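Worksheet for the structure shown next.
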Amino acid sequence: MSLASPFTSVPTARPQRQRRDASGAAMKFRDAAQRRQWFEQRLEPLLDRLYGNALRLTRDPDDAEDIVAEAVGKAWTRLDELRDARRFEGWLFHILTNTFISEWRRRQSRPKPAPGGEPPTPDDLDIASFTLFQQLHQPFLLWWASLEEQFFNGLLQEDLQRALDSLPDPFRLAIVLVEVQGYTYLEASRLLGVPLGTVRSRLSRARGLLQKQLWEQAREAGVIADQGRPGQGGSPP
Amino acid sequence: MSARDLNCEEVIERLFDYLDQELDAQQAADIDRHLHRCRDCFTRSEFEKRLRARVAAAGTASAPPRLQRRIRHLLDQFNGDESDTTR
């Protein structure tokens with residue numbers, strides 16, 4: 001028998017671990033029209049997430065469109081390689097990610113690094129220890145007056161996207177692969193071609209940098225006022 | 001491996017591995033048990049879960065109509081090419 005938790009957990013969406021494909025026989029289609037219909041029916045509900053993922057990877061709307069189109073083209077031409085129709089989603093997102101990473105690596109190998117790809121400065125080395133929670137948490141305040149609630153209520157999706165986009169490439173990619181796309185650390189390390197320990201350290205620093213950026217944005221926007229003290233005029237809902 | 005009582009420091013140290021589902025079943029169960037009885041760690045864990053959900057949501061954006069047209073056009077082209085090769 002399991003006991004119910006004495007505390008209330010907030011249900012939150014999280015990226016699902018996707019199975020990329022299976023072994024077995026290739027799928028069969030009656031004709032080209034059925035193949036096209038099958039493909040489009042599955043692609044259409046995924047398009048916003050494909051584009052959103054591409055946008056977080058590339059940070060540029062035109063580049064995002066390019067890699068989505070390229071990934072869709074690859075998926076269409078390789079559709080006969082897909083063994084399990086239920087894994088279409090994971091398979092397609094994996095093609096998208098690989099498409100981006102191939103291009104990103106190609107750009108990285110050029111003599112001049114891409115913007116945002118510079119190695120972090122030594123000042124960033126202790127950034128992993130920064131946590132928003134420590135800045136916001138005040139254990140003796142009621143939930144509706146807490147800085148945590150003020151922060152989440154004032155956090156707009158574009159603030160979060162701006163903070164993510166501000167991270168240097170290696171850190172942004174680590175956090176997008178793991179937290180947005182649901183890759184394991186091992187999968188991320190293989191995709192990025194770096195050791196597992198590097199993925200861990202990049203993730204840790206990426207989280208610190210992201211939370212620091214969100215903290216600064218929240219203070220600039222007045223969501224969090226006066227060095228972390230609650231803003232004036234807060235009242236219960 | 002047998003169940004182990006973790007202290008708060010150990011739980012916070014492994015919290016992201018736990019949230020990322022990188023721990024084995026026993027390690028995850030040890031953290032679950034601690035979160036069940038420790039309000040401070042539970043509150044921290046909930047905070048990180050909420051923030052992660054917002055980060056995950058950043059992976060969705062409305063695909064522009066231009067992209068949808070481009071993909072249709074691309075598939076039309078592939079279809080055309082495939083028809084040509086079967087003639």
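All figures in this text were calculated on a predicted structure; none of them were measured in a lab. Letters A, B, ... mirror the listed sequences (proteins, then strands); counts begin at 1.
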Sort [X] into side chain, backbone, both or neither according to what part of it lies under 4.5 angstrom from a heavy atom of chain A.
X     : value
B/I71 : side chain
B/D17 : both
B/L74 : side chain
B/T43 : both
B/R70 : side chain

With respect to chain B, which residue among [options] yields the maximal number of heavy-atom pairs within a distance under 4.5 Å?
options                       : value
A/L57, A/L132, A/I175, A/L203 : A/L132
A/Q211, A/E40, A/Q157, A/E148 : A/Q157
A/D66, A/L210, A/L186         : A/D66

Could you state the interatomic distance from CZ (B/R50) to CZ (A/F133), rounded to the nearest 0.5 Å?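 Output value for this atom pair is 11.5 Å.
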Value rounded to 0.5 Å, distance of CD in B/Q21 from OH in A/Y185: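 These two atoms lie 10.5 Å from each other.
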With a 4.0 Å cut-off on N to O distance, would you call [X] and [Y] a salt bridge?
X      : Y     : value
A/D159 : B/R54 : no
A/R200 : B/D20 : no
B/R72  : A/E44 : no

Taking side chain as C-beta onward, heavy atoms only, is B/R52 less than 4.5 Å from A/V180?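 Counting from C-beta outward, B/R52 and A/V180 never come under 4.5 Å.
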Heavy-atom distance under 4.5 Å between the side chains of B/F47 and A/T131, does that happen here? no
So does [Y] get a backbone contact from the side chain of [X], meaning a donor-acceptor N/O pair under 3.5 Å?
X      : Y     : result
A/E65  : B/A63 : no
A/E179 : B/V55 : no
A/D48  : B/T60 : no

Considering all heavy atoms of both residues, which atom of A/Y51 and which atom of B/A61 are nearest to each other, and what is their separation? CD2-O, 3.8 Å
Tell me, yes or no, whether the heavy-atom count around [X] atom [atom1], taken from other residues, nucleotides or ligands under 6.0 Å, exceeds 12.
X      : atom1 : answer
A/K212 : NZ    : no
B/E9   : CD    : no
A/R190 : CZ    : no

Measure A/L156 against the heavy atoms of chain B and call it side chain, backbone, both or neither at under 4.5 Å.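 It is the backbone, since no side chain atom gets that close.
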What part of A/L164 gets closer than 4.5 Å to chain B, counting heavy atoms only: side chain, backbone, both or neither? side chain
Applying ring pair (Phe, Tyr, Trp, His ring centres under 6.0 Å) to B/F16 and not counting sequence neighbours gives none
Looking at B/G59, B/A57, B/S62, which one has more heavy-atom pairs under 4.5 Å with chain A than the rest? B/G59
